[in-house]
K.L.:
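Attaching a single structure in structure tokens format; questions to follow.
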Amino acid sequence: MVPSLHSGAGEATQLRPTTLALAALGIGSLLAGAETKPNIVLIVTDDQGWWDLGIHGNQEIDTPNLDRLAAESVELTRFYVQPVCAPTRAGLMTGRHYLRTGLYNTRFGGDTLHLGEHTLAEALRQAGYRTGIFGKWHLGEYRRFHPDQRGFDESVFFSAGHTERYWEPDALLNDGRPISVRGHITDVLTDAASTFVRANRDQPFFLYLAYNVPHSPLLVRDALHEKYRAMGVASNDARIYGLVEQCDAAIGRLLGLIDSSGLRQDTVVLFMSDNGGVSRHYRAGLRGGKASVYEGGVRSPFFARWPGRFEPGRKTGARGSHLDLFPTLLEIAGGVAPSDVALDGKSLLPLLTGETDESPHERLFHIWDRHAPSMESRWAVAGPRYKLVGRELYDLEADPGEQRDIAATEPEVAAALRQEFTEWLADVTAGKAFEPVAIPVGNKLEDPVDLLPSWARHKGQHASVTQMRHRDPAPPAPLGNRPVEESTVYTFGGYYWDTIEGWKEPGESVAWKIDVAEAGEYEVSLVYGCDLDDAGGKFAISVAGSELRGTVLPTPGRTFFEPHRVGTMQLPEGVTELRVRVIESPGSDLMALNRVRIGSKRPASPGSPSR
Ligand SMILES: [Ca+2]
């Protein structure tokens, strides 16, 4: 009979036990009689453009290992992702378009894969694989949404879309526990992945190696930066090229280990990037880059190597999508897909084996918006030839660089594609709220838990749709038509150091949606900075009719964030709202609020705040 799929070993008792009816996907004839399941190594880089590879015509960048991998692989020259990180990762992990998964943003809590979704790791684990993730997750900030709760047996990861430190990285968790590591993050992740390969060489494994380079902050070895500067590459691009070269060398070491461990024949290796590139030096004739829906924003390198199964060096222009890896890898693994959700991806196995040279897709859809998705967002829909980018129509066969808008001469094609996109958008957004999920409170995995400033609602709106300012280095952004003193503002100074500031008027407030595991007494603290001159302001914290009041104390400075216990509150079980409100703000600002910390009063099991 069909087995059940559990959402995660540690989570099964904490959350709802997920027992699903599963349907067999159908195993390709290719694999009939296969005695062993191949290992799967999925390597994803972050912000590496289609053009940041020697094999794609870049004359400066040194990527010998990836170039060699490409020569040993089938290459899909038209493989598509979404314009930004988290949307692609959601599609990769679920086989479903990201807007179906509850995820809608790369920040502000919108980068959360909802719990009803089933991950590739869960499905491969169910198929008998040992699963490991090493790198950037970016599908949920809080412990309940982390990869070790979502099908990964082993995990060394960070949860956000970005991390501040590449040397001695301080954001990595090992199976949920903070760890101290030495070295550059690219090497740290590769070493951990290598250990995973060595430890699991006698059983099928799924290695998801999600490098966070060459994403900003572009912290690269001086020698690599100088090497590319000396070649005439501008400084920013020289950093990107240096990070790509370092990553290429790390991938080379991992592939060498696979060879020396005797695993080459039995290992499928896949390589791709998560969105379009950010470098400008060489763009292979493509228009746009990261965050754009032109080809440069959504076309990713894609190589797939499986010795004896995939023809080395074969290239195909048949279109594939990141959504396809879920069904493709399940087919390779002899796994089953969840039957209670619809997959958007289709297996690429017939394309990769050469059984066909046709794309499984009639249309591919792309959309990106920092706010709620709509027809006003950046969007595109493409078939094999025509691509509609908002109101512009391109013939990709004649004009792969998307330079000649032919919407006026082909109005019927444009109108038909627009209609298809409209219907598709209505389908994938049906019933979706596009707001952060409720933050789990009293969850034994993370007790106490910190309510993050970026998840707060200001004046009934979420931070992403109100004004946001960057503390440094950019100057504060203008606050629209409202004077600064009338509004709280989300202030970004790095993921650990973001704050809510601008608390002036009595009654002004921000709120978080929380999901309390169990009714009871909870300890509430605020973590904030406050200048001596501003101290003495009064605030109230309210939840479901009960209220706690406190006075803001000075800290060594406005940017010294210290925890201050406010008191205990009775919280009801389930989803509710926690609001922090100004009672009186006698100085220039009530405080720079860095975190609201809530912990249950019962003895907490080992765990850590999210920050
Ligand atoms: Ca990215």
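As the structure is a computational prediction, the values presented were derived from the model and not from experiment. For ligands, and for the atoms within them, numbers begin at 1 and follow the listed sequence.
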K.L.:
Taking the six-membered ring for Trp, are W51 and H56 closer than 6.0 Å centroid to centroid?
P.N.:
no

K.L.:
With sequence neighbours excluded, tell me which residues meet side chain to side chain contact (heavy atoms under 4.5 Å, CB included) with Q403.
P.N.:
R287, D399

K.L.:
For Y80, which residues count as a side chain to side chain donor-acceptor pair (under 3.5 Å) partner, sequence neighbours excluded?
P.N.:
R78, E295

K.L.:
Will you find, in the side chains of D52 and S279, an N or O donor that is under 3.5 Å from an N or O acceptor?
P.N.:
yes

K.L.:
Name all residues meeting the side chain to side chain contact (heavy atoms under 4.5 Å, CB included) criterion together with E226; count only those two or more places apart in sequence or in a different chain, and write none if there are none.
P.N.:
D222

K.L.:
List-wise, which protein N, O or S atoms are found short of 3.0 Å from the Ca ion (ligand 1)?
P.N.:
D46 OD1, D47 OD1, C85 SG, D274 OD1, D274 OD2, N275 OD1

K.L.:
Does the gap between the ring centers of F157 and W137 come in under 6.0 Å?
P.N.:
no

